[in-house]
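Below: the structure, in structure tokens.
In this text the structure is predicted, and so the values were computed from the model without any measurement. Each chain gets a letter, A, B and so on, in the order the sequences are listed, and its residues count up from 1. Any value given below was found using the heavy atoms of this structure, including those in side chains, with hydrogens, waters and symmetry copies removed.
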Amino acid sequence: MKYSNLFAPTLREVPADAEVPSHILLLRAGFVRQLASGIYSYFPLAWKTLTKIINIIREEMEKIGAQEFLLPAIHPAEIWKESGRWEIMGDNMFRLKDRWERDMCLGMTHEEIFAHIASKELKSYKELPQIWYQIQTKFRDEPRPKSGLLRVRQFIMKDSYSFDIDWDGLSKNYEKHYEAYQRIFKRCGLKFLIVEAHSGSMGGSFSHEFMVESDAGEDLVAKCSNCKYCANLEKATSIIEEIVDSEPESDEPIKVHTPGKKSIAEIEEFLKVPARNQIKTLIYIVESEPIIILLRGDHQLNEAKLETVLKTGTFRPATEEEIREIMGANAGSLGPVGVKNIRIIADLALKGRKNMTTGANETDYHIQGVTPEKHFNAEYYDLRNVEEGDLCPKCKSPLKLVKTIEIGHIFKLGTKYSEAMGAYVLDKDGKKVPIVMGSYGIGVERIMTSAIELYHDKYGIIFPITIAPFEVAIVPVSNKDEKQMEISEELYNKLKNMGIDVLLDDRSERIGVKLNDIDLIGIPIKIVIGPKKIKEGKVEVVLRDGSERFDVEIEDAVEKVTFKIEELKKKIENS
RNA sequence: CGGGACAUAGCGCAGCCUGGUUAGCGCGCCUGCCUUGGGAGCAGGAAGUCGCAGGUUCAAAUCCUGCUGUCCCGACCA
């Protein structure tokens, strides 16, 4: 490709709407433009990079025996009603009607459709296992698109689905994806974490996320400073320092007047009771029934864990009025003691504690000397958020919390969708059994975006060579100089004939403009063709990451550059 | 959905508070000259229904109301 023939509208200034580095650079480097909130047009450079990523994904999927499909992006409502997700997906689903007023939607994911196909086409265990995948556009009406391409409403996803006769088979296919995903992200040049994850509205029992550590990320991951333990905050557990409580002054709780003191912090100050010696009482409404949730005063409720415990995602904090009606006291004076006919669940950190302080269920009163399991009964579960500095559940070293971007997620679904969609096969004994499914997703744009977040400097993007829009840029100092252009063209043709993705910057721009654009775009290798070096019979080779800059004899240039490309690729393979 | 901010030429911004003739600046763009080792210089030029709709006023980019769009924080989110 010659630059004179390339549409890459680079910007000198930082667009006002962009904040995170990848968003700024994607706009500045002429990769993308926004059409509407969370909806982007991909210009040629972006599409070149995305295509390279897609090719890597495709190669690795083929290696595990996956077969590529392309399914519709527009779906009839019925199929989503069968699985129950027509309701569950709520406002996140783009919905429309056809000319006959039939409900339709844009595909957010394809468990339903693939399970539907399986239900129609798969008859026997002999046809299993299968891995089916596609690389296709997904639509999700996010409540808050943000950070450029990091959270969008339309994006490309590689989604695959495995179909097995039993859970053993599923485990094998899960493992295959686990390995393939590692190879994919590695080949794309990313540094990533694999974390235990919460499976949310996908259902299923078991999942891992592939995460890139980045300040632009939205997920928090608890990461052990010593061992390999790594889990999404939604799922992470930890060991906390044991607390030795003093004995209460009396057998029964003592009521104290706490006028106007509502928060944990206010009580801490007023009664001189540390937050860790208080019980935080939350009232939630679960499918219209109230529930009491108890946590240590300084702990935070983790709603993902709550969802797992409640086995439903339909819950919300009670309103102030509801609280008064249910508890007979204002929020801020609530407690579990004396409560009847309401389910009480408590975080494990409260188990075995004594002499604690909590609300008296009488506005402006608290009670002290409360001992769980003596003064109230509760079901105990892990309900709290892990905090920085908590101890690793595996090795007891301190945990760190890091922000991450989710680039891939793999799920063991089990039979949820096959049962809902009627995907059964006959087993060896001629018995009808539901197919055991897994589902596996990769956010294609997020690979590109994460790479930019990971690798950039004040000049622009520093792409890993495997996903850079071009591998090499040839930059003559002046396109008016015949000698320079002759050498440039020859190098260009030779490299191109070798199958190397090379860009010749033949524009009538000054050298500074050209180099700045090439750096902004993130091309890993530059060959600068200038009069000074030509006199010595040489050209200059510069690596974008700043690691190397050297001169080569003109006749050796092709060999040296191809060697360098291989070296850069190997470095990524072996990282 | 709650909170905050912004909307003036392709991009970045000033002007608005305190209303007043042809709405400015930098970059970019076009023409010519010149120049080419890290975003040159000179000369000339084009380009804006001031987000939209109402209202106040002799007069609105400027004041008021409503709407729309975009961004940020939070909630939410496979």
Interatomic distance where CD belongs to A:E19 and P belongs to B:G4 [whole Å] = 18 Å
ask   = Ignoring hydrogens and angles, are the base of B:C11 and the side chain of A:R12 linked by a donor-acceptor pair under 3.5 Å?
value = no
message = Rounded to whole Å, please give me the gap between CG in A:L306 and P in B:C76.
response = 11 Å
message = Quick one, A:K526 and A:V541 - any side-chain contact, counting heavy atoms below 4.5 Å?
response = no
ask   = So do the side chains of A:H110 and A:I113 get within less than 4.5 Å of each other, counting heavy atoms only?
value = yes
inquiry  = From the set B:C76, B:G38, B:G37, return the single nucleotide nearest to any side-chain atom of A:K526.
reply    = B:G38
inquiry  = Counting only side-chain nitrogens and oxygens, does A:S478 get under 4.0 Å of the OP1 or OP2 atom of B:U35?
reply    = no
task = Determine whether any donor atom in the side chain of A:K514 lies under 3.5 Å from an acceptor atom in the base of B:U36, or the reverse, and answer yes or no.
result = no
task = Could you measure between the two C1' atoms, the one in B:C30 and the one in B:G37, and give it in whole Å?
result = 28 Å
ask   = A:E453 versus A:V212: any side-chain heavy-atom pair under 4.5 Å?
value = no
task = With RNA chain B as reference, determine whether A:K146 or A:K533 sits nearer its 5' end, using the nearest nucleotide of each.
result = A:K533
query = Considering only the C1' atoms, how many Å lie between B:C63 and B:C25, rounded to the nearest integer?
reply = 26 Å
request  = Check the distance between B:C73's P and A:E218's CD and give it to me in whole angstrom.
outcome  = 9 Å
Complement of B:A5, any strand, by Watson-Crick or G-U distances under 3.5 angstrom = B:U70
ask   = Between A:R144 and B:C73, is there a side-chain N or O to OP1/OP2 distance below 4.0 Å?
value = yes
Distance, rounded to the nearest Å, where A:E303 contributes CD and B:C77 contributes C1' = 12 Å
task = Round to the nearest Å and state the distance from A:L27 atom CG to B:G10 atom P.
result = 17 Å
remark   = Out of B:C77, B:A75, B:G38, minimum distance to the side chain of A:E142 belongs to B:C77
ask   = Can A:K412 be said to sit on top of A:Y174's aromatic six-ring, NZ or CZ under 6.0 Å from centre and within 45° of the ring axis?
value = yes
request  = Starting from P on B:G37, measure out to CD1 on A:I511 and report it in whole angstrom.
outcome  = 8 Å
request  = Map A:K138 and A:H23 onto RNA chain B by nearest heavy atom, then report which one ends up closer to the 5' terminus.
outcome  = A:H23
message = If you only use heavy atoms from C-beta on, which nucleotide in B:U70, B:C77, B:C72 is closest to the side chain of A:N92?
response = B:C77
query = What interatomic distance, in whole Å, is found between C1' of B:U35 and the corresponding atom of B:A40?
reply = 7 Å
query = Can you find a pair of side-chain heavy atoms, one from A:L149 and one from A:M448, that are under 4.5 Å apart?
reply = yes
query = Once the angle between the rings of A:F69 and A:W132 is folded into 0 to 90°, is it parallel (under 30°), tilted (30 to 60°) or perpendicular (over 60°)?
reply = tilted
ask   = In whole Å, what separates the P atom of B:U22 from that of B:G26?
value = 22 Å
request  = Return the value, rounded to whole Å, for the distance between atom NZ of A:K532 and atom P of B:U36.
outcome  = 12 Å
request  = Please state the P separation for the pair B:U8 and B:U49 - nearest whole angstrom.
outcome  = 12 Å
request  = Rounded to whole angstrom, note down the C1' distance from B:A47 over to B:C29.
outcome  = 9 Å
query = Given that both distances must come in under 3.5 Å, which nucleotide forms a Watson-Crick or G-U wobble pair with B:G38?
reply = none
task = Pick the C1' atom in B:C77 and in B:C11, then give their distance to the nearest Å.
result = 33 Å
inquiry  = If we count only N and O atoms by modelled type, under 3.5 Å, do the side chains of A:S418 and A:K416 hold a donor and an acceptor together?
reply    = no
message = If I take atom CG in residue A:L220 and atom C1' in nucleotide B:C76, what distance separates them, rounded to the nearest angstrom?
response = 15 Å
request  = Between B:G19 and B:U62, how far apart are the P atoms? Round to whole Å, please.
outcome  = 12 Å
query = Hey, is the side chain of A:E13 pairing donor to acceptor with the base of B:G26 inside 3.5 Å?
reply = yes
